[in-house]
Student: 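Encoded as structure tokens, here's the structure I'll be asking about.
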Amino acid sequence: MEENGRFIFEDENGEKKELEVYFTYHSEEFDKDFIVFIDPDDSSNLIACEYNEETHEVFDIENDEEYDELDKVIEAYQNDKIKFEVEE
């Protein structure tokens, strides 16, 4: 469920966890959209999923190639964000 840039997930034990949207990304190579979440309680914890923007559904990433691409995108995003914050 999405609410104001946050998603609420329920795990297999029925516990709810709220995650913030860190950024979204469209992969030309896989023709898929991905969403990366950050845990507000642990900013070092990032979670990436495939994302359907129309239905707001998230899905597990299917293969290592998608993970590899997302690793590079996350690293570039974080480097750009740090650079921007330093320049301000």
Student: State yes or no: do Y25 and Y22 share one hydrophobic cluster built from I, L, V, M, F, W and Y residues joined by side-chain heavy-atom distances below 4.5 Å, directly or via other members?
Tutor: yes
Student: Which distance, rounded to the nearest 0.5 Å, do you find between the CD of E10 and the NZ of K17?
Tutor: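 It is 14.0 Å, given to the nearest 0.5 Å.
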Student: Find out if a path of hydrophobic residues (ILVMFWY) with successive side-chain heavy-atom gaps under 4.5 Å connects F34 to F59.
Tutor: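 F34 and F59: separate clusters.
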Student: Salt bridge between E62 and K32, side-chain N to carboxylate O under 4.0 Å?
Tutor: yes
Student: H26 vs D31, test: side chain to side chain contact (heavy atoms under 4.5 Å, CB included). Steps then yes/no.
Tutor: CA-CA 7 Å; H26 178 77; D31 194 29; 3.4 Å; yes
Student: For F7 and H56, take the angle between the two ring planes, folded into 0 to 90°, and tell me which bin it lands in: parallel under 30, tilted 30 to 60, perpendicular over 60.
Tutor: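 The arrangement is tilted - the two ring planes meet at 30° to 60°.
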Student: I'd like to know whether N45 forms a side chain to side chain contact (heavy atoms under 4.5 Å, CB included) with S43, so could you lay out the CA-CA distance, the side-chain angles of the two residues, the decisive distance to 0.1 Å, and finally the verdict.
Tutor: CA-CA 5 Å; N45 186 18; S43 62; over 6 Å; no
Student: I'd like to check I74 versus L46 (side-chain heavy atoms, cut-off strictly below 4.5 Å). Are they in contact?
Tutor: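 In contact.
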Student: Any idea which heavy atoms bring E18 and P40 closest together, and the distance?
Tutor: O-CD, 3.4 Å
Student: Can you name the closest pair of heavy atoms from D39 and L19 and give their distance?
Tutor: CA-CD2, 3.7 Å
Student: Is the backbone N or O of E54 less than 3.5 Å from a side-chain atom of N52, with the two atoms forming a donor-acceptor pair by type?
Tutor: yes
Student: Check the pair F9, V58 against side chain to side chain contact (heavy atoms under 4.5 Å, CB included), reporting the backbone distance first and the verdict last.
Tutor: CA-CA 10 Å; F9 292 92; V58 294; 3.5 Å; yes
Student: For the residue pair E57 / Y51, report whether a side-chain donor-acceptor contact shorter than 3.5 Å exists.
Tutor: no
Student: After noting the C-alpha distance and the side-chain angles of V36 and T24, does the key distance pass the side chain to side chain contact (heavy atoms under 4.5 Å, CB included) rule?
Tutor: CA-CA 6 Å; V36 179; T24 59; over 6 Å; no
Student: A quick test of your reading: do over 12 heavy atoms of other residues, nucleotides or ligands sit less than 6.0 Å from CG of N63?
Tutor: yes
Student: Do L70 and F30 sit in one hydrophobic cluster, given that two such residues count as connected whenever their side-chain heavy atoms are within less than 4.5 Å of each other, even indirectly?
Tutor: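 Different clusters.
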Student: Output the distance between atom CD (E50) and atom CG (D33), rounded to the nearest 0.5 Å.
Tutor: 8.5 Å
Student: Distance only, no hydrogens: is a donor on one side chain within 3.5 Å (strictly under) of an acceptor on the other, for E69 and S27?
Tutor: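 The answer is yes; a qualifying pair exists.
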